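Below: the structure, in structure tokens.
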Protein chains: 2
Amino acid sequence: MVKRMLKYEAEAVDRVFHAVADANRRAIIERLTRSPATVSELAALLGVTVAATVQHLRVLQDSELVSSEKVGRVRTCRIDPAGLHNAEAWLTRQRTAWELRLDRLGAVLGDEAKESGR
Amino acid sequence: MVKRMLKYEAEAVDRVFHAVADANRRAIIERLTRSPATVSELAALLGVTVAATVQHLRVLQDSELVSSEKVGRVRTCRIDPAGLHNAEAWLTRQRTAWELRLDRLGAVLGDEAKESGR
DNA sequence: AAGTTACTTAAGCCAACACTTGACTTTCTG
DNA sequence: CAGAAAGTCAAGTGTTGGCTTAAGTAACTT
């Protein structure tokens, strides 16, 4: 049961990271963070065809990062924060574990610690 | 100049998200979070060939998520937290912006707000 | 009604990916 | 020294990804 939950989570994490690994899809997210936009507007922003944009939007919607609603003939897209949770949780979980470990093993990884800015 | 910096950052973000979008690479990260491991150990964990594992490790090293050192004939891999910064910064930046916007536009997105758990 | 706009869907193209196998190189071990 | 162990490198294979063009459909506009 826990296993099953984790599997589902893994798939969600897969989808979100994959969605966000593409520069054009990140550009869409950044644009929608400012305000909702239509499909054509997003296509113009990316400099690709509307068809390509629709495909990106499908990926973003499947990972619950974007939602959209069609009224009349124009589809308006907006951010849907739901999808971010899993990915962010995973990142944070790893980073927290790393930092704990790094604190404890400071000496072992001391080489890096010497380079101040890193 | 700012533009150039952002471009570099975009490429780094690209690499990290792509690295982390693969379930096997995430499994490597999770394993290394507990302790360093050899290439063979990681291969056994994933159930793929050593060659495939080496390829994953190259991706992880290019995105500065993992570092490794070879002593004798065995290569020991460990976590390198450097690569996480850009990706995490991007995620946090977006999420923060979304939340601000969601607070302001609560009424517009009210449908979702009504569904308590989301 | 005819044309334009906004999107949708399907098909195909080419590059990138995740693997594999097989041929090495290097480093231990008996 | 012979052989096993640990990893490296190169080539090949099947799949997926991002993009295009082309052919729709539905909703405005004139």
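Keep in mind that this is a model prediction, so the values were computed, not measured. By convention in this document, chain letters (A, B, ...) are assigned in the order of the sequence lines, proteins followed by strands, and residues within each chain are numbered from 1.
- A:Arg15 places its CZ atom 16 Å from the P atom of D:dT16, with the value rounded to the nearest Å.
- Rounded to an integer number of Å, the gap from CG of A:Leu57 to P of D:dG18 is 13 Å.
- B:Asp62 has its CG atom 15 Å from the P atom of C:dA16, to the nearest Å.
- Side chains of A:Ser63 and A:His18 form no contact here, defined as non-hydrogen atoms less than 4.5 Å apart.
- The side chain of A:Asn24 contributes an N or O atom lying less than 4.0 Å from OP1 or OP2 of D:dC19.
- With C:dC19, C:dC17, D:dG18 as the candidates, the nucleotide lying closest to the side chain of A:His18 is D:dG18.
- Using a 4.5 Å cut-off on side-chain heavy atoms (C-beta onward), B:Leu42 and B:Leu32 make contact.
- With contacts defined as side-chain heavy-atom distances shorter than 4.5 Å, the pair A:His56/A:Asp22 qualifies.
- For B:Val54, counting side-chain heavy atoms from C-beta on, the closest listed nucleotide (D:dT8, D:dC9, C:dA6) is D:dT8.
- D:dT8 atom P lies 9 Å from atom CD of B:Gln61, rounded to whole Å.
- Hydrophobic clustering (side-chain heavy atoms under 4.5 Å, transitive across Ile, Leu, Val, Met, Phe, Trp, Tyr) groups A:Leu46 together with A:Ile79.
- Taking atom CG on A:Asp14 and atom C1' on D:dT15, their separation rounds to 15 Å, with Å as the unit.
- Following chains of ILVMFWY side-chain contacts shorter than 4.5 Å, one cannot reach A:Val13 starting from B:Val59, and the two form parts of different hydrophobic clusters.
- Closest approach of B:Cys77 and B:Leu57 over heavy atoms only: SG-CD1, 3.7 Å.
- One hydrophobic cluster, built from ILVMFWY side chains closer than 4.5 Å, cannot hold both A:Val74 and A:Val54; they sit in different ones.
- Among the nucleotides D:dT20, C:dA6, C:dT9, the one closest to the side chain of A:Val74 is C:dA6.
- No hydrogens or angles were tested; on distance alone, nothing pairs the side chain of A:Gln55 with the base of C:dT8 as donor and acceptor under 3.5 Å.
- Heavy-atom distances under 4.0 Å link DNA chain D to B:Val50, B:Ala51 of residues 43-53 of chain B, given in residue order.
- A straight line from CZ of B:Phe17 to P of D:dG17 spans 18 Å, rounded to a whole angstrom.
- Each of C:dA18, D:dC19, D:dG18 was ranked by its minimum atom distance to the side chain of A:Arg25; first place goes to D:dG18.
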Short heteroatom pairs, N/O only, protein and nucleotides 23-30 of chain C, under 3.5 Å:
residue	atom	partner	partner atom	Å
C:dT27	O2	B:Arg73	NH1	3.2

